[in-house]
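Written below as structure tokens is the structure these notes are about.
Just so we're on the same page: letters track the sequence lines, and every chain starts at 1.
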Amino acid sequence: MYADVVFPFKLSPLTYKVPEDAPDNLKGRIVKAPLMGKGHYGLIVSARNESLLEKKKNIKMIQEIHHHFASESTLSFMKWLSDYYLSPMGIALKSIFFEEAVNICVKHDVSCIESQRGTKKVANFQHSYKSFLYHAPSISHEYYLLDEVLNRTYPDIHGAVILVPEVSQIENLHDMLKNIFGERLCVIHSKLTKNKRLETIKQIITGQSDIILGTRSAILVPISNISFIAVTSEHSTSYKGEEGLRYNARDAAVMRGFIEKSHVFLSSVCPSVESIYNVKTGKYSPTAPSHIAPQKVENRPKIKIIDSRLKGQKTMTISRDVIKQARDIASKGGRFLFIINTRGYSLIRCEDCGHIAQCNKCNIPLVFYKNRNIVKCHYCGFEQTIHESCEECKGFNIKPFGAGIEKIKEEIEDVLKIKTITLGKDYMPWVIDKDIDAASFAIGTSYTAKKLRDEKFDAIALFNTDWLFTRPDFRAYERTFQEITMLTNILKPDGSLYLQTWYPKKRILRFIKNYDFKTFYEYELLQRKILDYPPFSRIILFNIFMKKNAERSLHDIDEIINNIDKQGLEILGPVDIASPLKSYKYCLQIFMKSKDRKILHSQAERLLIELKKIKGAKINADVDPLKI
DNA sequence: AGCACGCCGACT
DNA sequence: GTCGGCGTGCTC
């Protein structure tokens, strides 16, 4: 008898001999087996009578056989994670908290599956997989729906996972869920300490907790019964992992729901184009709380487009209209938030030749810090005192260019004669739990603004509107719509959002201004269809990292790509990109695109195997990438 | 994960 | 010229 064992390392299953006296239900059990001369804990994923690798003579024997960790559905889910995200099975196993489970199951002699079996009760609600999408008028509405559904069905719920995109959002739902489920609730997120995480996994495995609230990784918890899954703010890019197992927790939630035959509730103030498409094709069902009427546009904050071309003096970043509104709000003691996406004061440009000072290493603009009289690279951290002359034309006519937080702060304080605070510097909404002075004017990046929760402003001015929708990403319009819609959540209902732009006629801005989701999705889906982008096709991105000899490998890579069957498949690249990893100097990128997921995955797997043969190269595969 | 092998910087 | 850094490879 042989068994395939997966270890929680970057490794595919390995074959071992099974002792004669072993129990017969081996699949899903934790075992100890020799690996590199040492005993390691792994998981049996399959058992058979004959070894598939007969040629290998020294197949080793399993040393210990322990309790079950994985049910049939957990194994399917793990297999899906590994196959779909082109990752070794071991990485998938590690990701689903196997090491923590070993610690508990082996040390405390408990079985993951058996201990939870007692809670299993089949209700009507269960065992009928269906995914729903709720397009909510506000984040609060998302929570109301969740509250309503859970309150109505909680006696029937045995095992639930509720996902939020950011750690800071856990507290928004914690009390509500605690009220319904009491001690059954537990919390999982990446910022837990090792011990706390172990303790939480123990509660889950022993069946003390079966309601899990958390970020991304919560969808992977080793719970054998799931009857309900919720994904709040489903459009959020935070659900996509950027390292290790690069899974999208929203997609994993839908797949896990399908495997476990449980209901999946996706909700968002501005759902992803993919999810809207899935409603159109019938994969998801649209839903809304019965008693909440769709919110009228008149009841939402006003969105106003401010034409930058008409702004007052050329040296000012803030337009005259916004200044006027700010003055008005200041006089009433209201609160105003200014959002700009650069920290520091500005960039540096030569007025003679137009050259913008850049970091020699990273090729991105250097940021000027006025008070310290230095320029700094925000990527590598390089700092130097500011040059007197232009590197390019040696001219002395160098000037600040564009605007960062410091410049906006300077302009506001200068014009309005008012004190302002900087988010992230004077005030860290995600760390300190204190209120901003009610009369305050605040300045921050959209990153820091996103962390604000309960604050409500009378007005927000956004200066990076154009940067949002001009990015070279087919999802730029979608992202713009989402980012701006999310901002309206921190405005009072009668508040105003000012979008400063050089392109006031852009149709994306017209959609946003009118909260015209319907036309926006129609337009966006049409564009995606014409250009053959997701959701009409699937994409896998390959990054090839190298320390040196990039040109030499280029030939090998071309050769590999030539040998790939391109039937129903499109391959773009390889193209040189700035290496996103600091330990590698070079990075080549390959785009693989297909309408057929099966074709895409089978060829991607082949490509990956071939690319891994290139010596000295590190390969990353990113399935359904969000950052293009 | 952990252990072995391998190629570039400061030392007797 | 060698010692040793850790970056990459392999494990049934």
Side-chain angles (χ1 to χ4, degrees), chain A residues 1-20 22 26-66 69-70 75 78-79 81-82 86-107 190 194-195 197-198 201 217 220 222 243-245 542-550 552-553 556-557 579-588 608-621:
Chain A
M1 188 83 161
Y2 296 89
D4 293 318
V5 178
V6 186
F7 297 94
F9 320 132
K10 195 177 170 190
L11 197 62
S12 292
L14 302 175
T15 306
Y16 287 87
K17 275 187 192 137
V18 178
E20 292 293 322
L26 287 170
K27 224 172 152 185
R29 277 182 190 269
I30 296 170
V31 292
K32 192 176 187 178
L35 180 70
M36 296 275 302
K38 234 192 118 186
H40 285 273
Y41 288 103
L43 181 77
I44 295 183
V45 287
S46 55
R48 62 206 128 60
N49 287 323
E50 292 305 314
S51 163
L52 292 175
L53 32 126
E54 222 42 270
K55 47 194 178 274
K56 259 199 125 163
K57 49 246 160 243
N58 55 338
I59 297 177
K60 290 176 182 158
M61 184 76 83
I62 287 171
Q63 294 165 327
E64 296 170 14
I65 300 178
H66 295 273
F69 164 72
L75 286 171
M78 189 176 89
K79 181 92 169 55
L81 283 171
S82 161
L86 302 170
S87 256
M89 193 96 85
I91 295 296
L93 182 66
K94 193 188 166 84
S95 304
I96 62 174
F97 301 96
F98 179 72
E99 283 157 315
E100 289 83 355
V102 165
N103 193 309
I104 296 149
C105 294
V106 174
K107 242 191 224 163
S190 57
K194 227 176 168 181
N195 278 331
R197 187 178 351 124
L198 191 66
I201 296 295
S217 62
L220 307 181
E243 56 194 14
L245 187 64
F542 296 87
N543 278 344
I544 305 153
F545 296 95
M546 282 161 302
K547 298 239 146 114
K548 49 188 162 192
N549 61 327
R552 228 178 131 218
S553 306
D556 298 341
I557 293 165
S579 176
L581 288 175
K582 52 196 179 314
S583 51
Y584 292 87
K585 202 164 172 202
Y586 305 99
C587 184
L588 295 171
L608 198 57
I609 290 165
E610 293 304 316
L611 289 175
K612 277 180 177 165
K613 289 179 186 164
I614 301 169
K615 54 185 193 312
K618 180 192 159 72
I619 319 294
N620 264 352

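- Residues A/Ile30 and A/Leu43 share a closest heavy-atom pair of N-CD1, 4.4 Å.
- In this structure, A/Tyr41 contributes its side chain and A/Asn103 its backbone to no donor-acceptor pair below 3.5 Å.
- Taking atom CG of A/Leu11 as the reference point, atom C1' of C/dC12 lies 9 Å away to the nearest angstrom.
- Spacing between atom CD of A/Gln63 and atom P of C/dC12 amounts to 11 Å, rounded to whole angstrom units.
- With rounding to whole Å, A/Arg48 atom CZ is found 16 Å from C/dC12 atom P.
- A 4.0 Å heavy-atom criterion places the boundary nucleotides of DNA chain B facing chain A at B/dA1 to B/dC8, written 5' to 3'.
- Counting only heavy atoms from C-beta outward, the side chains of A/Met61 and A/Tyr16 never approach each other to under 4.5 Å.
- Judged by distance alone, with hydrogens and angles left aside, the side-chain atoms of A/Arg29 form a donor-acceptor pair with the main-chain N or O of A/His66 at under 3.5 Å.
- Minimum heavy-atom separation, A/Val31 to A/Ile44: CG1-CD1, 3.5 Å.
- A/Tyr16 comes within 4.0 angstrom of the backbone, heavy atoms only, and of no base.
- The shortest side-chain heavy-atom distance between A/Pro19 and A/Ile65 falls under the 4.5 Å cut-off.
- Following rounding to the nearest Å, A/Leu35 (CG) and C/dT11 (C1') show an atom-to-atom distance of 5 Å.
- Between A/Ala621 and A/Leu608, the closest heavy-atom pair is CB-CD1, 4.1 Å.
- Residue A/His40 contributes atom NE2, which lies 14 Å from atom P of C/dT11 at whole-angstrom precision.
- Rounded to whole Å, the distance from NZ on A/Lys618 to P on C/dT8 is 8 Å.
- Distance A/Phe7 CZ to C/dC10 C1': 13 Å, rounded to the nearest Å.
- Side-chain atoms of A/Met78 and A/Val45, non-hydrogen and from C-beta on, do get closer than 4.5 Å to each other.
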Identify each atom pair where a protein N or O and an N or O of nucleotides 5-7 of chain C are less than 3.5 Å apart, giving names and distance.
unit_1: C/dG7; atom_1: O3'; unit_2: A/Lys547; atom_2: NZ; d: 3.4

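- Among the heavy atoms of the strands, none lies under 4.0 Å from A/Pro13.
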List the atom pairs, donor and acceptor, that lie under 3.5 Å between side-chain atoms in residues 86-100 of chain A and the rest of the protein, sequence neighbours left out.
unit_1: A/Ser95; atom_1: OG; unit_2: A/Ile91; atom_2: O; d: 2.7
unit_1: A/Glu100; atom_1: OE2; unit_2: A/Arg197; atom_2: NH1; d: 2.7

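- Between A/Ile614 atom CD1 and C/dT8 atom C1' there is a gap of 15 Å when expressed in whole angstrom units.
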